[in-house]
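Everything numeric in this text was worked out from a predicted model, so none of it was measured.
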Amino acid sequence: RAERCVRSAHVRHAWDPAKSVAQNLADMGLAEDPNKAVPIARKALLVKADVESDGQEKGKKTVIKPYVLNEMEYEASLPEKKSNTLSRDLIDYVRYMIQNHGENYKEMARDEKNYYQDTPKQIKRKINVYKNFYPEEYKAFVASLKQEKMDVQ
């Protein structure tokens, strides 16, 4: 038999190779078939489930390894790390365009460095994205351009 490739580290460490896939997943409190785990409610199936004398539903298995489910829930609840950065090429492109053309987007569109043949509206959108991602850097850059113009005059 071929080795099973289990991507989740939590499941991989709790996996018992002597058991079947269905048995392993049931021990961890996971479902093998999502259609059976969360069935679609139909009017004919809305009959109350039979309950045994000890309070458990028939056919419902107890979870032997609940720590796997708890670890996976904890990992899923962690906030996602956001990577709000722009590519270095886009930053250089935007700075070049602003430095050479100011706010003249039509002139930017005709520039030879406009390799992707962006329209004036597309260039404006890229500049606005740069402004939103790096507002302090943009303000400092524009201020340095104004200072250079004053020094030249």
Side-chain angles (χ1 to χ4, degrees), residues 1-101 103 105 108-109 111-145:
R1 286 173 46 178
E3 282 290 318
R4 301 212 190 291
C5 177
V6 181
R7 292 190 179 139
S8 172
H10 306 297
V11 175
R12 191 178 325 117
H13 293 301
W15 196 266
D16 185 3
K19 294 183 179 180
S20 70
V21 174
Q23 290 171 335
N24 271 307
L25 293 176
D27 288 349
M28 295 177 215
L30 301 173
E32 178 188 21
D33 185 7
N35 294 321
K36 290 179 183 174
V38 185
I40 299 172
R42 296 191 179 112
K43 291 183 181 180
L45 297 176
L46 292 177
V47 180
K48 292 184 179 179
D50 293 320
V51 179
E52 292 181 359
S53 60
D54 63 349
Q56 290 186 343
E57 294 180 16
K58 285 185 180 177
K60 191 156 187 163
K61 297 181 181 179
T62 56
V63 179
I64 297 172
K65 301 175 183 176
Y67 62 90
V68 175
L69 196 58
N70 294 337
E71 289 173 358
M72 290 176 73
E73 285 176 350
Y74 172 74
E75 191 175 301
S77 69
L78 293 174
E80 190 174 318
K81 184 179 179 183
K82 293 183 180 180
S83 60
N84 290 341
T85 59
L86 298 176
S87 68
R88 189 74 234 166
D89 292 337
L90 181 64
I91 293 171
D92 293 340
Y93 173 76
V94 167
R95 293 184 82 166
Y96 169 82
M97 291 297 185
I98 293 171
Q99 187 173 9
N100 291 322
H101 306 291
E103 295 289 320
Y105 300 111
M108 290 180 193
D111 192 293
E112 63 183 18
K113 292 265 183 162
N114 184 7
Y115 300 125
Y116 298 110
Q117 298 181 353
D118 293 329
T119 64
K121 207 170 193 178
Q122 289 172 323
I123 295 171
K124 184 176 183 179
R125 194 175 309 124
K126 287 181 180 182
I127 290 172
N128 286 335
V129 167
Y130 175 71
K131 285 179 189 177
N132 292 334
F133 272 80
Y134 303 104
E136 295 87 19
E137 187 178 315
Y138 174 76
K139 288 176 187 174
F141 179 65
V142 171
S144 69
L145 289 177

Asks: Heavy atoms, side chains only, cut-off 4.5 Å: are Y105 and T119 in contact?
Replies: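 Not touching, per the 4.5 Å side-chain cut-off.
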
Asks: Once rounded to the nearest 0.5 Å, what's the spacing between atom CG of N100 and atom CG of L145?
Replies: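 Atom-to-atom, N100:CG and L145:CG are 9.5 Å apart.
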
Asks: Sequence neighbours excluded, which residues qualify as side chain to side chain donor-acceptor pair (under 3.5 Å) partners of H101?
Replies: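 Partners of H101 under the side chain to side chain donor-acceptor pair (under 3.5 Å) test: E107, D111.
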
Asks: Using distance only, find each side-chain donor-acceptor pair of residues 124-131 under 3.5 Å and give its atom names and separation, not counting sequence neighbours.
Replies:
unit_1: K126; atom_1: NZ; unit_2: D118; atom_2: OD2; d: 2.7
unit_1: N128; atom_1: ND2; unit_2: K124; atom_2: O; d: 3.4
unit_1: Y130; atom_1: OH; unit_2: E137; atom_2: OE2; d: 3.0

Asks: So do the side chains of V11 and W15 get within less than 4.5 Å of each other, counting heavy atoms only?
Replies: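 Side chain of V11 against side chain of W15, heavy atoms only: contact under 4.5 Å found.
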
Asks: For the residue pair N114 and M108, establish whether any side-chain heavy-atom pair is separated by less than 4.5 Å.
Replies: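 In short, these two side chains do not touch, never coming nearer than 4.5 Å.
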
Asks: Looking at side-chain heavy atoms only, is the closest gap between Y138 and V94 below 4.5 Å?
Replies: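 No; the side chains remain at least 4.5 Å from each other.
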
Asks: Got a sec, which residues hit side chain to side chain contact (heavy atoms under 4.5 Å, CB included) with D16, two or more places apart in sequence or on another chain?
Replies: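 Side chain to side chain contact (heavy atoms under 4.5 Å, CB included) check on D16 returns A18, K19, N24, K65.
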
Asks: Once side chain to side chain donor-acceptor pair (under 3.5 Å) is applied, do any residues pair with E75, and if so which ones, sequence neighbours excluded?
Replies: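 Only H10 meet the side chain to side chain donor-acceptor pair (under 3.5 Å) criterion with E75.
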
Asks: Using a cut-off of 6.0 Å, state whether more than 12 heavy atoms not belonging to Q117 lie near its atom CD.
Replies: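 Atom CD in Q117 is not crowded, with 12 or fewer foreign heavy atoms closer than 6.0 Å.
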
Asks: Return the set of residues passing side chain to side chain contact (heavy atoms under 4.5 Å, CB included) with S144 (not counting sequence neighbours), or none when no residue passes.
Replies: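 S144 satisfies side chain to side chain contact (heavy atoms under 4.5 Å, CB included) with F141 only.
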
Asks: With sequence neighbours left out, what residues match E32 under side chain to side chain donor-acceptor pair (under 3.5 Å)?
Replies: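 None.
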
Asks: Nearest 0.5 Å, what's the CZ-CZ distance between R12 and R7?
Replies: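 These two atoms lie 10.5 Å from each other.
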
Asks: Is there a side-chain contact between L30 and M72 (heavy atoms, below 4.5 Å)?
Replies: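 Result yes, sub-4.5 Å side-chain heavy-atom pair found.
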
Asks: Who passes side chain to side chain contact (heavy atoms under 4.5 Å, CB included) against E136, sequence neighbours left out?
Replies: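 For E136, no residue satisfies side chain to side chain contact (heavy atoms under 4.5 Å, CB included) once neighbours in sequence are set aside.
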
Asks: Can you list everything that forms a side chain to side chain donor-acceptor pair (under 3.5 Å) with R88? Sequence neighbours excluded, please.
Replies: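 Only D92 meet the side chain to side chain donor-acceptor pair (under 3.5 Å) criterion with R88.
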
Asks: Run the numbers on I91 and F133 for side chain to side chain contact (heavy atoms under 4.5 Å, CB included), then give the verdict.
Replies: CA-CA 10 Å; I91 293 171; F133 272 80; over 6 Å; no

Asks: Restricting to side chain to side chain contact (heavy atoms under 4.5 Å, CB included), what partner residues turn up for D33, sequence neighbours left out?
Replies: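 D33 satisfies side chain to side chain contact (heavy atoms under 4.5 Å, CB included) with N35, K36 once adjacent residues are dropped.
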
